[in-house]
Amino acid sequence: MTYLDYQATTPLAPEALAAMLPLLEANFANPHSAHAPGRAARAAVEVARDEVAGLLPPGGTVSFTSGATEAINWAIKGSTGGIVTIATEHAAVLDTVAAEARKGRAVTVLPVGPEGLVDLAAAREAIRPGVGLVAAMLVNNEIGVIQPVEELAHLAHQAGALFLCDAVQGYGRVLIPDGCDLIAVSAHKIHGPKGVGALWIRDGVTIEPLLHGGGQEPAGRSGTLSPALCAGFGAAAKLAKQRFGADHAHAEQLYRAALNRIAGDWTLNGAQEDRYRGNLNLRHDGLDVARLMSDLRDIAFSAGSACASGSGRPSHVLAAIGLSDAEARSSIRIGYGRYTSEDELLHAIDRIVSAARLQSRAA
């Protein structure tokens with residue numbers, strides 16, 4: 001199997017697994033207990049907290065969550081005032097914002113241009129006093145486009161609003177600007193385990209808890225933490241920081257090689273320059289993606305976001321950049337990274353191109 005779905009999840013790093021095993025096998029104590037085993041488990045959590053924070057701006061606190069979806073829900077529901085967000089955001093943002101709108105909060109969803117970048121003129125018009133939160137994704141999970149987060153954060157602060165950055169796809173891959181007030185991240189996108197994420201909260205920023213109970217986490221998030229999951233997240237974050245330059249250069253090389261290999265009848269969806277290089281969202285007019293995936297079962301790629309797969313609906317991201325339903329349905333997403341070799345990526349692309357060409361001839 002050639003795995004090319006890094007935006008959905010990444011392979012677990014051996015270092016992350018090694019950090020988790022002792023806490024699964026022996027030191028299983030509750031990290032919130034006061035006895036010696038509990039304190040040892042708590043120490044592992046705090047080491048992990050520092051490692052996760054190492055990829056985030058200074059001047060804030062990491063609170064562990066069950067994942068980025070919880071972190072995003074917490075940030076949005078814990079804030080007040082009107083909300084401004086972008087049409088290409090993840091469902092965790094858009095659906096949560098829609099739920100808040102049903103409760104009476106004013107919501108503005110900003111459009112994007114054909115390259116997937118937010119309309120900054122519309123943003124300047126919408127982000128006015130009275131807005132309480134601006135939410136924007138750093139790196140888009142479907143088309144890899146990098147939004148101008150620093151500019152949006154500046155507009156938010158001028159209006160007296162908080163700025164939430166969904167950094168799930170950008171964390172450990174691109175630099176996160178300093179202007180954020182709230183940052184949501186997830187372990188399994190950086191070669192850590194599933195089931196753990198975090199919300200980074202800038203010092204001095206206060207939001208209401210989403211989960212009530214013991215208030216175990218610094219910002220009041222309740223629930224017993226898994227030291228093993230936290231340790232795996234921390235080890236993955238530490239490795240991502242150490243390998244940041246190497247991983248970035250590897251993604252750049254794979255991106256250039258892949259684009260050079262793609263035949264001329266394929267179109268790249270989204271901006272070619274303002275994007276994370278570990279993502280290729282490609283369109284081939286008339287392509288039957290379901291058939292392509294069936295023909296190439298030993299290559300793991302996707303037709304879009306994993307959370308929306310199987311819904312039968314065209315991608316809202318591709319619709320937002322102006323693609324028709326037919327064009328959106330003839331698009332695929334290829335994601336690669338640290339453990340992808342150039343040879344396996346190019347071999348997979350050759351097979352994808354060949355299978356698509358056979359479809360065209362048959363048609």
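What you see below is based on every heavy atom in this structure, not just the backbone, and it leaves out hydrogens, waters and symmetry mates. The model shown is predicted, which means the values in this text are computed figures rather than measured ones.
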Self-check item: Sidechain N-carboxylate O distance under 4.0 Å for D5, R333
Solution: yes
Quiz item: Are D247 and R173 close enough for a salt bridge, meaning some N to O gap below 4.0 Å?
Solution: no
Quiz prompt | Other residues, nucleotides, ligands: >12 heavy atoms within 6.0 Å of E150 CD | solution = no
Self-check item: Residues, nucleotides or ligands: over 12 heavy atoms within 6.0 Å of H347 NE2
Solution: no
Quiz item: Between R291 and D295, is there a salt bridge with N-O shorter than 4.0 Å?
Solution: yes
Quiz prompt | Identified side-chain contact (heavy atoms from CB on, under 4.5 Å) counterpart of F233 within the set V196, V62, V45 | solution = V196
Quiz item: Should side-chain heavy atoms under 4.5 Å link Ile, Leu, Val, Met, Phe, Trp and Tyr, which residues sit in the same cluster as F244?
Solution: L175
Quiz item: Are Y3 and Y6 close enough that their ring centres sit under 6.0 Å apart?
Solution: yes
Quiz prompt | Pairs flagged by salt bridge (charged side-chain N to carboxylate O under 4.0 Å, His left out) wherever residues 220-233 is involved - sequence neighbours left out | solution = E70-R221
Exercise. Write out all pairs satisfying ring-ring contact (aromatic ring centres under 6.0 Å, His included) with one or both partners inside residues 17-68, taking only residues at least two apart or from two chains.
Key: none
Quiz item: Are the aromatic rings of Y336 and H250 close, with centres under 6.0 Å apart?
Solution: no
Quiz item: Are any of the side-chain nitrogens in R39 or E46 under 4.0 Å away from the carboxylate oxygens of its partner?
Solution: no
